[in-house]
Amino acid sequence: MSFSNTYDTTNPGSAVSNREDLTDVLTILAPEETPILSSANRKSASSTFVEWTIDSLSAPSTGGIDEGADVGTFTDQFAGRARLGNYVQKFRRSYQVSDLQEAVDSVGPAKFAQAEAMAMRELKRDIEATLCSTNDRAAEDGAGQAYKLRGLGDWIDSAGPADVPAGFRTPAGSIHSTGDFSEDTLNDLITSAYRVTGSTNNLTLFADTALRRKISDFSRTASAADHTVRSVNYDGNSAQLKLSVELYQSDNGIVSIVNMNPDCAPDTTNKDSGYLINPEYYGIHELIPVGSTRLENGGGGERGYVDCTLTLGVYHPGAHGKITAIA
């Protein structure tokens, strides 16, 4: 004999009168953290194309000057100065709640205010994914091409972009794309970045899950070809043995290891990408800050959108590094 259920009101049965037990809890299971966006310095923008200048010092001279020699040549100290820039990009998420939905009771709840908050959270993820992307910049052309900002993956490139002079591009030694990623490899990346800036800055490595696990293995295996187990001294009175690396201190800089949003990473398949960022040399320029706008209710319910317009400033591509693949 088949039993009726609470949703089958056309067929009588004992279960028709049963009450539902639906708790007032709504679970959203999606990564929401936006560490690259959240840790960037904020600046204002006043144009759709944001620019900044970049300069360098000439190579040191050790030749000496002859006694009594007059100055016969003069150096243009600004001959190597360059100007870099990035287009802004507009981000938008819309939302709507019908008049009936606004009136009824629901789990969550599912009201206009909650719809607005959901759209705001989605907007932040859109921005984070774009900052982490390998997108190149693009200008509005009036024929379907919108303004697009250049992401970190394209800025941090030893072979380009074409508008970045060769002397200001990211050194090849600051980029790891093939082969095993070991502790020596990480030290090489940090050293390469140090040789550009000349200062032991505090760096941040935004790492996807596979890369983060690889770095945590540094505390378990020695940096050698045979990957022998590393010996550690352990306090027997302690209840924990920590095998996660959150702060890595090298000869040329201190690196904070931060989890990248896995949904916003440039490679969501292999999960082994990461950006080694010097916080002093990147920032967010806002042309239109994040805001919410309500639209006219045409009779079906409240509606609106959240939006912002901003761009990414990478003030010296050579100060950063990246990992695109690990063995």
Side-chain angles (χ1 to χ4, degrees), residues 31 33-36 38-39 128 131-132 134 152-153 156-158 170-282 317-327:
E33 296 296 325
T34 56
I36 292 180
S38 300
S39 61
E128 183 79 359
L131 297 178
C132 293
T134 59
L152 284 170
I156 307 174
D157 187 349
S158 60
T170 306
S174 298
I175 300 174
H176 178 79
S177 56
T178 59
D180 182 52
F181 187 82
S182 64
E183 188 171 355
D184 288 337
T185 307
L186 178 58
N187 276 307
D188 289 342
L189 296 179
I190 299 170
T191 300
S192 179
Y194 166 77
R195 295 188 69 85
V196 174
T197 63
S199 57
T200 54
N201 294 315
N202 291 330
L203 307 175
T204 302
L205 177 59
F206 300 98
D208 205 349
T209 52
L211 177 59
R212 181 68 188 266
R213 176 175 292 184
K214 188 75 171 181
I215 295 173
S216 293
D217 283 341
F218 294 168
S219 64
R220 290 190 280 270
T221 59
S223 180
D226 58 356
H227 293 283
T228 56
V229 176
R230 186 188 298 276
S231 299
V232 295
N233 292 325
Y234 172 59
D235 183 3
N237 295 323
S238 176
Q240 294 182 347
L241 178 59
K242 187 174 182 180
L243 296 176
S244 175
V245 177
E246 297 179 356
L247 193 67
Y248 184 85
Q249 185 168 356
S250 73
D251 294 334
N252 302 121
I254 299 174
V255 181
S256 299
I257 314 296
V258 177
N259 288 331
M260 181 183 290
N261 187 315
D263 282 351
C264 301
D267 183 359
T268 56
T269 301
N270 297 315
K271 307 175 182 62
D272 57 358
S273 56
Y275 291 117
L276 184 64
I277 300 299
N278 189 322
E280 293 186 19
Y281 296 97
Y282 94 111
H320 312 290
K322 70 178 177 181
I323 300 98
T324 59
I326 60 176

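Note that the numbering runs from 1 along the sequence shown for the chain.
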(message) Given 3.5 Å as the limit, does a donor-acceptor pair link the side chain of Ser216 with the main chain of Arg212, or not?
(response) yes
(message) Checking Leu247 against Ser256 for the side-chain contact (heavy atoms from CB on, under 4.5 Å) test, could you report, in this order, the C-alpha distance in whole Å, the side-chain angles of both residues, the deciding distance, and whether it holds?
(response) CA-CA 5 Å; Leu247 193 67; Ser256 299; 3.5 Å; yes
(request) Heavy atoms only: give me the nearest Ile36-Tyr282 pair and the separation to one decimal. (result) O-OH, 2.9 Å
(message) What's the separation between atom CD1 in Ile326 and atom OG in Ser177, rounded to the nearest 0.5 Å?
(response) 12.5 Å
(message) For the backbone of Pro262 and the side chain of Asp208, can you confirm whether one donor and one acceptor N or O come within less than 3.5 Å of each other?
(response) no
(message) Side chains of Asn278 and Tyr194 only: does a donor on one sit below 3.5 Å from an acceptor on the other?
(response) no
(request) Could you go through the side-chain contact (heavy atoms from CB on, under 4.5 Å) check for Asn187 and Asp251 one step at a time? (result) CA-CA 8 Å; Asn187 276 307; Asp251 294 334; over 6 Å; no
(message) Parallel, tilted or perpendicular, judged at 30° and 60°: which one describes the rings of Phe218 and Phe181?
(response) parallel
(message) Restricting to non-hydrogen atoms, name the atom on Val258 and the atom on Pro35 that form the minimum distance, rounded to 0.1 Å.
(response) CG1-CB, 3.9 Å
(message) For the backbone of Gly153 and the side chain of Thr134, can you confirm whether one donor and one acceptor N or O come within less than 3.5 Å of each other?
(response) no
(message) What's the separation between atom CG in Leu152 and atom NE2 in His320, rounded to the nearest 0.5 Å?
(response) 7.5 Å
(message) Among Thr209, Thr185, Asp180, which residue satisfies the side-chain hydrogen bond (donor to acceptor under 3.5 Å, both in side chains) criterion with Lys214?
(response) Asp180
(request) For Pro279 and Asn202, work out which heavy atoms get closest and say how close. (result) CD-O, 3.2 Å
(request) Could you give me the CA-CA distance, side-chain angles and deciding distance for Tyr248 and Ile215, then say whether side-chain contact (heavy atoms from CB on, under 4.5 Å) is met? (result) CA-CA 9 Å; Tyr248 184 85; Ile215 295 173; 5.7 Å; no
(message) Determine whether a donor-acceptor pair (N or O, by modelled atom type, separation under 3.5 Å) exists between the side chain of Thr170 and the backbone of Pro317.
(response) yes
(request) Any chance you could lay out the side-chain contact (heavy atoms from CB on, under 4.5 Å) test for Asp272 and Ile323, step after step, and finish with the verdict? (result) CA-CA 8 Å; Asp272 57 358; Ile323 300 98; over 6 Å; no
(message) Please check: side-chain N/O of Glu128 versus main-chain N/O of Glu33, any donor-acceptor pairing under 3.5 Å?
(response) no
(request) Working to the nearest 0.5 Å, report the span between CG of Leu189 and CG of Asn252. (result) 12.0 Å
(request) Work out which heavy atom in Ser192 is nearest to a heavy atom in Ser174; give both atom names and the distance. (result) OG-OG, 2.6 Å
(request) Indicate the atoms forming the closest heavy-atom contact of Ile190 with Ser250, along with that distance. (result) CG2-OG, 3.4 Å
(message) So which atom in Ser273 and which in Ala265 form the shortest heavy-atom distance, rounded to 0.1 Å?
(response) OG-CB, 4.0 Å
(request) Look up atom CG in Leu276 and atom CD1 in Ile175, then write down how far apart they are to the nearest 0.5 Å. (result) 11.0 Å
(request) Give, for atom SG of Cys132 and atom CZ of Phe206, the distance between the pair rounded to the nearest 0.5 Å. (result) 8.5 Å
(request) Quick one: pull up OH in Tyr275 and CE in Met260 and give me the separation to the nearest 0.5 Å. (result) 6.5 Å
